[in-house]
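In what follows, chains are A, B, ... by sequence order, proteins preceding strands, each numbered from 1.
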2 protein chains.
Amino acid sequence: MKRSLADRIEQYIKVLIERSEAKQIEIQRAELAETFSCVPSQVTYVIATRFQEKYGYLTESRRGGKGFVRITRFSISSDICTILDGDRLFDLINELMEKKMLDSKEGNMLKHIVLSVGNDLTDNERKHLYNSVARALSEYLNLN
Amino acid sequence: MKRSLADRIEQYIKVLIERSEAKQIEIQRAELAETFSCVPSQVTYVIATRFQEKYGYLTESRRGGKGFVRITRFSISSDICTILDGDRLFDLINELMEKKMLDSKEGNMLKHIVLSVGNDLTDNERKHLYNSVARALSEYLNLN
DNA sequence: CTCCTGTTTGACTTTATTTGACTATCTGTA
DNA sequence: TACAGATAGTCAAATAAAGTCAAACAGGAG
C-alpha cells in the first residue's frame, strides 16, 4: 500500500508510543517535521486526524520555549463502549489486524459476519450491533 | 462471445486478487482507469456491480491524496443459504471446529462475541441474531 | 423495430492531504 | 514588567484522489 506522508508520520509516532514504557511520548513538532522534511503544520494535521480520543489517544501540548506535544495511548476499549459508528468498528478491526492481535482470517470473517448480520437491520439497530460487537471483541481480546 | 470493458476490468481485478497472498488488493482507481483507457467512474461501476458482498467480496476505500480501493475476497462463492436453527448455532460452531473448518481461536472468539452481543437482547432478537450469524458464517465458509 | 437491461461517459461532489501565512502562548532575560 | 525568541496552533487555499448520478449508448429478446 502506497502510503501518504501523513500515513508515514502516523506510523512513526505509533511505533514510538508502543516502544515507550508508559505508552506515552513527548515530541517536538518542529523536530518531527524536520525528520520528515515537511512543514510543522503537517504534524499538527496528523495528530489532529489520527490521534483523537475516539481512537484511544490523549494529546496535550505546550507552546513557547521547551514546547512539546505529548501523546498518550489509553485503553482502546474504554471508550469503545460509547458511540461507535460502523466505520469505526472496521477501523478497529483493521487496527487489530495490523497489530497482529487478530489475524487476517479472523478479521475478515468478523467483517463479513458483521456486515451480513447488520444488513437487514435498521440504522439504529445496526449501530447498536456494531457497538456490542466492538465491546465484545475488546472483552475477548482483553483490551480492558 | 465479445466481452465488455466492464468484463475485462472485472477479470483483471480477479486475477490480481487470486495472485495475492492475502486474497486482497489495493488499487488506485485512476491508475486502473488509465490502464484500460477509460474514465475512472467505469472502475467504480465494475466494483459496485461485480465485487459486492453477496459475491464474496468486501470493499473499502479512501479518497484524497494517495487514496485507494481495497478489495478482499472472503469466500469462493456463496449464494443461497439454508435456514439454520438459531438455537443450534453453538453446535454448528463446535462441529466446524471439529472438522477444522474453523480453528479454535476463531471459534472461541465467535462464541464469545455472539454470547456477549446476544446478552442484552430479547429472546426473539437473540434467536434472530443467532440465525443471521449462522447464515453469515455458512456463507463465509461456503457451506451451502 | 421496440423495449429492457446493462454499460459507458462526464460533469459535479465529497473527502483527504499538503503547504504556508498568520496567530497565540511560553520562557527567559534585561 | 516588557520584550525577544522559541514553539505550537489555526485556517484557508491548492491539489489529489474517490464517489454520485443521470444521460447517452449498445445489443439482445420478443
Side-chain angles (χ1 to χ4, degrees), chain A residues 1-14 16-17 24-55 57-72 85-91 94-95 98 115 123, chain B residues 1-14 16-17 24-55 57-72:
Chain A
M1 154 152 150
K2 260 187 232 163
R3 296 191 123 113
S4 63
L5 176 56
D7 289 335
R8 285 183 284 119
I9 294 175
E10 172 191 6
Q11 213 45 48
Y12 181 83
I13 293 175
K14 285 186 172 171
L16 289 186
I17 294 175
Q24 176 182 89
I25 59 165
E26 269 176 28
I27 57 176
Q28 305 235 229
R29 188 182 77 147
E31 193 183 288
L32 190 52
E34 178 68 22
T35 302
F36 284 90
S37 306
C38 65
V39 295
S41 55
Q42 176 73 271
V43 176
T44 304
Y45 170 73
V46 171
I47 292 168
T49 54
R50 329 284 234 254
F51 294 89
Q52 298 168 14
E53 207 184 319
K54 66 184 181 191
Y55 299 126
Y57 295 91
L58 171 70
T59 66
E60 302 161 279
S61 69
R62 203 168 67 191
R63 304 184 186 190
K66 305 233 171 58
F68 62 84
V69 177
R70 174 161 53 224
I71 306 177
T72 312
D85 55 39
D87 293 342
R88 276 197 277 148
L89 173 59
F90 281 78
D91 284 345
N94 284 334
E95 194 182 328
E98 268 169 36
L115 267 179
D123 284 357
Chain B
M1 165 73 170
K2 182 153 176 285
R3 293 155 86 227
S4 66
L5 215 206
D7 289 337
R8 284 184 287 120
I9 295 175
E10 173 191 5
Q11 216 42 50
Y12 181 83
I13 293 175
K14 285 186 172 170
L16 288 187
I17 293 176
Q24 172 177 295
I25 59 164
E26 271 175 26
I27 57 175
Q28 305 233 214
R29 188 183 77 148
E31 196 182 284
L32 191 51
E34 178 68 22
T35 302
F36 285 89
S37 306
C38 64
V39 294
S41 55
Q42 175 73 276
V43 176
T44 303
Y45 172 72
V46 171
I47 291 169
T49 55
R50 331 284 235 252
F51 294 89
Q52 297 168 16
E53 220 209 321
K54 63 183 177 192
Y55 300 129
Y57 294 90
L58 171 71
T59 67
E60 298 162 280
S61 70
R62 198 169 73 184
R63 304 186 185 188
K66 298 290 191 306
F68 61 83
V69 177
R70 178 189 305 146
I71 307 177
T72 310

Are more than 12 heavy atoms from other residues, nucleotides or ligands located less than 6.0 Å from atom CZ of A/Phe36?
yes
Using a 4.0 Å heavy-atom cut-off across all strands, classify B/Gly64 as base, sugar-phosphate, or nothing.
base
Using a 4.0 Å heavy-atom cut-off across all strands, classify B/Gly65 as base, sugar-phosphate, or nothing.
base
Atom CD1 of B/Ile47 and atom P of D/dA18 are separated, to the nearest Å, by 9 Å
Atom-to-atom span, CD1 of B/Ile9 to P of C/dG6 - whole angstrom:
18 Å
Please pick, from C/dT18, C/dT7, C/dT19, the nucleotide with the shortest atom-to-atom distance to any side-chain atom of B/Ser4.
C/dT7
Nearest-Å distance, CG (A/Leu32) to C1' (D/dT7)?
14 Å
Measure CG/A/Asp91 against P/C/dT15 and give the value in whole Å, please.
15 Å
Between A/Arg50 and C/dT17, is there a contact of a side-chain N or O with OP1 or OP2 at under 4.0 Å?
yes
Ranking C/dG10, D/dA18, D/dA8 by distance to the side chain of B/Arg29, first place goes to D/dA18
B/Phe68 CZ to D/dG19 C1', in whole Å, measures 15 Å
Of A/Ser61 and B/Ala6, the one whose closest DNA chain C nucleotide lies more 5'
B/Ala6
From CD of A/Glu31 over to C1' of D/dA6, roughly how many Å is that when rounded to an integer?
14 Å
Measuring from A/Ser4:OG to A/Glu10:CD, what's the distance to the nearest 0.5 Å?
8.5 Å
Indicate yes or no: at least one non-hydrogen side-chain atom of A/Tyr45 is less than 4.5 angstrom from one of A/Arg50.
yes
Comparing A/Lys66 with A/Tyr45, nearest DNA chain C nucleotide closer to 5' gives the residue A/Tyr45
Rounded to whole angstrom units, what separation is found between the CG atom of B/Leu5 and the C1' atom of C/dG6?
13 Å
Taking 4.0 Å as the cut-off, does a side-chain nitrogen or oxygen of A/Thr44 come that near to OP1 or OP2 on D/dG9?
yes
Euclidean distance, atom CZ of residue B/Arg70 to atom C1' of D/dG19 [Å, nearest integer]:
17 Å
It should be established whether A/Gln42 places a side-chain nitrogen or oxygen under 4.0 Å from OP1 or OP2 of nucleotide C/dT17.
no
Look at the side chain of A/Arg63 against the base of C/dA24 and say whether a donor-acceptor pair falls under 3.5 Å; ignore hydrogens and angles.
yes
From C-beta outward on A/Asp7, which listed nucleotide comes closest to its side chain: C/dT7, C/dT17, C/dT18?
C/dT17
Just by distance, do the side chain of A/Asn94 and the backbone of A/Asp91 share a donor-acceptor pair under 3.5 Å?
no
Choose from C/dA16, C/dT8, D/dA18 the nucleotide whose nearest atom is closest to any side-chain atom of B/Arg62.
C/dA16
Hey, can you pull the donor-acceptor pairs under 3.5 Å for the side chains in residues 58-70 of chain A, sequence neighbours left out?
unit_1: A/Glu60; atom_1: OE1; unit_2: A/Arg70; atom_2: NE; d: 3.1
unit_1: A/Arg70; atom_1: NH1; unit_2: A/Glu26; atom_2: OE2; d: 2.6

